[in-house]
Amino acid sequence: MAVILDNATVATMDDSVEAGGYGLIPRGAVVIEGDRILWAGPEALLPDSSLPHHDMGGRLITPALIDCHTHIVFAGDRAREFEMRLQGASYEEVARAGGGILSTVTATRAATEDDLFAQSLPRLDAILAGGAATVEIKSGYGIDIETELRMLRVARRLGQARDVTVTTTFLGAHAIPPDYRGRADAYLTEQAIPALRAAHAQGLVDAVDAFCEGIAFTPVQVARVFSEAQALGLPAKLHAEQLSNLGGAALAARHGALSADHLEYLDVDGVQAMAAAGTVAVILPGAFYTLRETQAPPIARLRAAGVPMAVATDCNPGSSPLTSLTLAMNMACTLFRLTPAEALLGTTAHAARALGLTDRGRIAPGMRADLAVWDATHPAELSYRIGSTALHHRIVGGRIDT
Ligand code: NIG
Ligand code: FE
């Protein structure tokens with residue numbers, strides 16, 4: 001049975017937003033049936049006003065938010081490393097000294113599946129409490145076959161435990177384990193690629209990512225991982241140009257990647273390659289902020305080239321212990337000069353595209369009825385607030401008040 005959500009301001013994020021708006025409908029209504037949107041438009045034009053109504057109390061309705069880049073499945077924390085960095089150690093120094101990602105690997109390998117689930121669930125809950133209904137989760141803190149599979153099983157379980165769509169990304173090429181030091185290719189051959197094949201065979205993988213960086217994998221090694229992904233029919237993503245420029249974004253674009261993420265050191269060639277391939281630029285201001293990075297991603301160039309920009313939390317224990325997408329939007333505006341409309345597009349329509357999802361991220365007929373209802377009158381308010389959320393409630397798959 002269809003229902004009307006009325007007495008609302010509706011930010012559809014429809015195609016007109018590419019021209020700088022929110023697709024805003026001031027006295028708007030949305031009609032949903034089952035898990036789909038049937039209609040959205042001005043209240044005065046409702047096709048059938050005899051249907052049951054839910055009064056939204058004049059609130060703002062947007063597409064439910066999408067966090068398209070997280071690492072929320074992990075054990076332990078890295079607060080000590082935060083202290084070390086504040087005393088002057090760099091992220092790379094901590095990593096080369098065996099801390100950083102490898103210290104989370106040790107904690108994650110030691111955790112049982114139930115323990116990992118219990119430690120990760122509050123992070124998922126925090127992201128959902130900020131208005132999200134789709135969350136991408138990466139592996140990459142196991143970096144052995146058994147633990148990578150365990151992380152991905154936990155990610156799938158998280159998706160069943162809450163009203164959310166979880167998409168999983170295999171990130172076996174995240175760090176080189178200590179016993180493979182100096183032998184990254186052997187690690188890929190003996191652990192990462194077999195783990196990817198096994199995880200894919202068990203239905204645990206939706207996309208494949210890698211960390212292309214001096215402290216991680218070279219472009220040639222990343223290309224090996226991408227070839228394997230391609231052979232399995234899985235889309236690619238890449239942590240690229242976060243700490244230095246290795247041409248990772250152009251490599252990702254050449255492989256038809258859904259997204260290249262971070263991008264602080266992206267150059268003009270990388271921007272052009274992404275534009276030509278339609279690869280989404282996923283901007284992660286939480287990591288920029290936490291690492292006290294000073295070089296911002298080339299937002300003006302990306303904008304001029306028409307590269308779609310997404311914004312995500314990058315929630316992880318090292319570079320971005322952030323569980324608020326609206327705070328990520330605020331940082332994207334204040335630190336990187338995205339407009340609030342670009343920031344919201346970055347956590348809705350463009351985030352969907354970064355995950356290869358075509359059924360969400362905008363309010364339009366046929367799209368999933370994943371909506372966020374906010375105690376706000378204008379969508380700029382979502383990017384404007386710091387440290388509080390205006391979320392009133394979510395509607396997920398057409399279920400009201402989840
Ligand atoms: O997205 N850059 C690599 N991976 C994560 C950080 C992981 C960690 O430090 O635990 C990132 O920033
Ligand atoms: Fe990341």
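Both ligands and their constituent atoms are indexed starting at 1 by order of listing.
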State whether F74 and R123 meet the cation-pi test: NZ (Lys) or CZ (Arg) under 6.0 Å from the six-membered ring centroid, and within 45° of the perpendicular axis. yes
Aromatic contact between F170 and H200, with the criterion being ring centroids under 6.0 Å apart: yes or no? no
Proximal atoms of ligand 1 relative to [X] (non-hydrogen, under 4.0 Å):
| X | result |
| --- | --- |
| H69 | 1 (O) |
| G318 | 9 (O), 10 (O) |
| R78 | 8 (C), 9 (O), 10 (O) |
| Q242 | 2 (N), 3 (C), 12 (O) |
| I101 | 7 (C), 8 (C), 9 (O), 10 (O) |

Does any N or O of ligand 1 fall below 3.5 Å from an N or O anywhere on T104, backbone included? no
Is [Y] paired with [X] through a side-chain N to carboxylate O contact shorter than 4.0 Å?
| X | Y | result |
| --- | --- | --- |
| E83 | R80 | yes |
| R157 | D114 | yes |
| D314 | K138 | no |
| R303 | E342 | yes |
| E146 | R150 | yes |

Is the shortest distance from a heavy atom of Y91 to ligand 1 less than 4.0 Å? yes
If we only consider heavy atoms of E213, is any one of them less than 4.0 Å away from an atom in ligand 1? no
Of all N, O or S atoms in D314, the one closest to the Fe ion (ligand 2) is OD1
At what distance is the nearest protein heavy atom to [atom], and which residue and atom is it?
| atom | result |
| --- | --- |
| atom 11 (C) of ligand 1 | D314 OD2, 3.3 Å |
| atom 4 (N) of ligand 1 | H174 NE2, 2.8 Å |
| atom 12 (O) of ligand 1 | S319 OG, 2.5 Å |

Trace of the side chain to side chain donor-acceptor pair (under 3.5 Å) decision for Y265 with E293: CA-CA 11 Å; Y265 290 83; E293 177 59 64; 2.8 Å; yes
Rounded to 10°, the NE2/H71 to the Fe ion (ligand 2) to NE2/H69 angle comes out at 100°
Do any N or O atoms from the side chain of R59 and from the backbone of M56 form a donor-acceptor pair under 3.5 angstrom? yes
Counting heavy atoms only, which part of Y141 comes closer than 4.0 Å to ligand 1: side chain, backbone, both or neither? side chain
